[in-house]
Amino acid sequence: MSRPQPLSGFPELLPRQRIVELQVVDHLRRAFELHGFANLQTRAVEPMDQLLRKGETSKEVYVLRRLQADDRDTSDAELGLHFDLTVPFARYVLENAGKLNFPFRRYQIQPVWRGERPQSGRYREFWQADIDIIDQGELPAHYEVEVALVVADALRDLPIPAVRMHVNNRKLSQGFYQGLGIADTEEALRIIDKLDKIGADAVAKLLIDTVDATPEQAEACLKLASISAADTSFVDEIRALGVTDPLLEEGLNELAAVVDAAAKAAPGFVVADMKIARGLDYYTGTVYEVFIEGQEHLGSICSGGRYDELASDGKHTYPGVGLSIGVSRLLVPLLQSGALDATREVPTCVLVALANDDDRAAATGLAQRLRGRGIPTQVSPSAAKFGKQIKFADKRGIPFVLFVNDEGTQIKDIRSGDQVTIDVDAWNPPAEDLHPTIVTA
RNA sequence: GUGACCGUAGUUCAGCUGGUAGAACGCCUCGUUGUGGUCGAGGAGGUCGCGGGUUCGAGCCCCGUCGGUCACCCCA
């Protein structure tokens with residue numbers, strides 16, 4: 001059995017699924033460009049020290065090596081495939097700082113790679129659609145609202161279930177833990193993040209065992225994590241817990257500003273949620289996670305945050321804020337379950353039938369006239385029986401077959417069976433048939 | 001990296017206490033001799049993931065291996 005087997009974690013789509021994915025990506029592009037984001041493409045590889053600069057993500061990185069590399073040859077810096085688009089972007093900004101105009105906004109839609117064991121909704125190669133705004137020295141807080149609203153726009157009108165963005169602020173959580181007297185606030189954050197998965201009791205136990213929290217401190221952490229609100233009412237709720245800390249205060253003010261502005265601009269999309277802790281460890285303030293409503297257990301389909309220190313050459317710092325939509329995570333499950341599909345598996349709108357093989361030149365001419373007016377057309381592969389040529393179209397979902405016969409030039413809608421004489425230079429398919437479209441189950 | 005479960009036509013699956021391979025759908029042909037879909041008849045397609053072992057005999061039992069799914073870790 002030499003037939004290749006699929007490789008787990010490297011999803012590949014069928015043509016009709018890819019049509020859906022392409023249209024979704026086009027939609028995202030349009031939304032990003034409407035907000036003035038310029039596109040950027042960065043190389044697939046980064047030096048390992050760049051990738052590992054922040055945090056212990058090392059085991060997630062695929063390392064690249066030349067087959068002929070000599071063991072003793074250390075002249076080539078070790079290279080790894082990028083695991084997100086933010087780290088390469090930060091590197092790119094530093095590298096091109098002199099040629100870019102700040103604040104700089106860009107979007108990037110590319111594959112990323114993570115060397116982890118795949119499971120449902122988690123892949124080793126997947127696509128991200130990333131937007132970021134980076135400034136020089138200082139990054140105004142209003143950009144934290146803007147990127148959230150761009151994502152709200154981008155995800156609107158997509159044929160996907162309703163989504164909601166949960167927002168928190170790392171200063172708020174870590175300031176709270178700090179004010180409470182917990183030393184390892186990073187680890188506390190990580191534990192709180194497991195709340196939905198393992199439950200409150202297990203989290204409390206972990207806090208007590210791992211970061212030496214007292215039962216009372218653990219209780220307070222859980223109380224904080226339970227707070228969420230679609231408006232700024234969370235501020236008073238948190239203050240009522242009686243913990244004071246300058247960092248907490250800063251976080252409260254920042255989060256309140258983001259939630260307030262977002263609630264006005266996109267009512268119902270953003271909710272402050274104190275148990276949001278995740279994201280890569282370079283985030284320093286606001287953090288975002290977007291979930292499919294009612295499907296929170298599937299994980300976030302988009303996440304991001306503010307990072308003040310990621311892009312820094314020691315002399316200049318370029319703080320940024322951005323969000324990354326997990327295109328594969330969002331679409332692959334919907335495609336594989338059949339919840340999303342395309343109306344056909346080819347772009348072709350018209351198949352030109354062939355009465356006999358000598359007619360191919362004439363048929364090609366007709367096809368070219370249709371293409372000249374933007375109608376995707378292909379000529380039948382052979383002058384087989386007309387029944388077979390119609391079946392060829394039917395199997396691919398091509399809606400129209402063009403015949404040249406005694407009646408003249410006729411077009412048949414193979415769904416209805418209607419066949420009418422047309423003028424090739426004037427006929428147009430219904431707008432919804434010109435290109436494949438997305439259908440939801 | 002750790003653990004659990006699973007690998008049989010293109011696909012989804014069945015296959016009894018071990019006795020030499022099945023269904024449905026899909027595909028091809030014909031009925032319908034150049035206008036499909038329905039219906040009917042016929043047909044092609046499998047070294048049962050791979051390697052070894054036990055046995056007179058293995059899809060089935062044992063060992064190994066590769067692959068897949070899920071969970072942990074981490075994250076989109």
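Residue numbers start from 1 in every chain, and the chains themselves are labelled A, B, ... in the order their sequence lines are given, proteins ahead of strands.
- Summarising the base pairing, B:C25 is matched to B:G10 through a Watson-Crick or G-U wobble pair whose two defining distances lie under 3.5 Å.
- For A:I390, counting side-chain heavy atoms from C-beta on, the closest listed nucleotide (B:C72, B:U69, B:U35) is B:U35.
- Residue A:P118 is the one, among A:I325 and A:P118, whose nearest nucleotide of RNA chain B lies closer to the 5' end (criterion: closest heavy atom).
- Using a 4.0 Å heavy-atom criterion, one finds that A:G387 contacts the sugar-phosphate atoms exclusively.
- In this entry the distance linking CZ of A:F392 with C1' of B:C28 reads 17 Å, nearest Å.
- Across the protein-nucleic acid pair, A:K385 atom NZ and B:U35 atom C1' stand 11 Å apart, rounded to whole Å.
- Distance from the side chain of A:S300 is smallest for B:A76 among the nucleotides B:C74, B:A76, B:U33.
- Stacking of A:R105 on the aromatic ring of A:Y107 is not recorded, the 6.0 Å distance cut-off and the 45° axial limit not both being met.
- Checking B:U35, B:U29, B:A76 against the side-chain heavy atoms of A:K388 singles out B:U29 as nearest.
- In this structure, A:K388 does not pair ionically with A:D394, as no charged nitrogen and carboxylate oxygen lie closer than 4.0 Å.
- Protein atom CD of A:Q389 is 16 Å distant from nucleotide atom C1' of B:G37, rounded to whole Å.
- Within 4.0 Å (heavy atoms only), A:L330 reaches no atom of the nucleic acid at all.
- Considering only the side chain of A:K412, B:G36 comes nearest among B:A76, B:G36, B:C74.
- Note on A:N405: a base of the nucleic acid sits closer than 4.0 angstrom, heavy atoms only.
- The aromatic rings of A:Y282 and A:Y307 stand perpendicular to each other, their planes meeting at an angle above 60°, with 30° marking the opposite boundary.
- Aromatic rings of A:H166 and A:F291 (six-membered ring for Trp) have centroids within the 6.0 Å cut-off, being under it.
- Contact annotation: A:K391 side-chain N/O to B:U35 OP1/OP2 distance is not under 4.0 Å.
- If you take atom P in B:U69 and the same atom in B:G46, they sit 26 Å apart, rounded to whole Å.
- Using P as the reference atom, B:G7 and B:C50 are 14 Å apart when rounded to the nearest Å.
- Nucleotides B:A21 and B:C13 place their P atoms 23 Å apart, quoted to the nearest Å.
- Comparing the C1' positions of B:U8 and B:A4 gives a spacing of 23 Å, expressed to the nearest Å.
- Stacking is found between A:F126 and the pyrimidine-like six-membered ring of the B:A76 base under the 5.5 Å centre-distance and 30° plane-angle cut-offs.
- In this model, a side-chain donor or acceptor of A:R122 finds a partner on the base of B:C74 within 3.5 Å.
- Taking the charged nitrogens against the carboxylate oxygens, A:D130 and A:R106 do have a contact shorter than 4.0 Å, which makes a salt bridge.
- The CD1 atom of A:I398 sits 17 Å away from the P atom of B:G37 (whole-angstrom rounding).
- Contact annotation: the side chain of A:H27 never approaches that of A:R156 to less than 4.5 Å [non-hydrogen atoms, C-beta and beyond].
- Across all strands shown, A:R415 has heavy atoms under 4.0 Å from base atoms, whether or not it also approaches the sugar-phosphate.
- Taking atom P on both nucleotides, B:C60 is separated from B:G51 by 13 Å, rounded to a whole Å.
- Rounded to whole Å, the separation between the C1' atoms of B:A76 and B:U38 comes to 47 Å.
- For the C1' atoms, the distance from B:C66 to B:G10 is 23 Å, rounded to whole Å.
- Close to B:G37, at under 4.0 Å from its OP1 or OP2, lies no side-chain N or O of A:K395.
- Taking atom C1' on both nucleotides, B:G64 is separated from B:G19 by 27 Å, rounded to a whole Å.
- A:S8 has no side-chain polar atom (N or O) that falls below the 4.0 Å cut-off from OP1 or OP2 of B:G67.
- Spacing between atom CG of A:L206 and atom C1' of B:C73 amounts to 13 Å, rounded to whole angstrom units.
- Side chain A:D394 to base B:G36: a donor-acceptor pair is found below 3.5 Å.
- Salt-bridge check for A:D193 with A:R190: failed, with every basic side-chain N at 4.0 Å or more from each acidic carboxylate O.
- Mapped onto RNA chain B by nearest heavy atom, A:Q410 and A:G326 fall at different nucleotides, with A:Q410 at the one closer to the 5' end.
- Under 3.5 Å, the side chain of A:E116 and the base of B:A76 form at least one donor-acceptor pair of N or O atoms.
- Rounded to an integer number of Å, the gap from A:I191 CD1 to B:C74 P is 10 Å.
- Nucleic acid contact class of A:L354 (heavy atoms, under 4.0 Å, all strands): base.
- Comparing B:U35, B:C74, B:U29 by their nearest atom to the side chain of A:Q419 picks out B:U35.
- Using a 4.0 Å heavy-atom criterion, one finds that A:K197 contacts the bases of the nucleic acid, with or without backbone contacts as well.
- One atom, CD of A:Q119, and another, P of B:G67, lie 17 Å apart when rounded to the nearest Å.
- Heavy atoms of A:I301 sit under 4.0 angstrom from primed sugar atoms or phosphate atoms, though from no base atom.
- Nucleotide B:G31 forms a pair with B:C39, judged by Watson-Crick or G-U wobble geometry with both contacts under 3.5 Å.
- Among B:A76, B:A71, B:U35, the nucleotide with an atom closest to any side-chain atom of A:S303 is B:A76.
- When the P atom of B:C70 is taken as reference, atom CD of A:Q336 falls 10 Å away, rounded to whole Å.
- Residues A:W427 and A:F400 place their aromatic rings such that the two centres sit under 6.0 Å apart.
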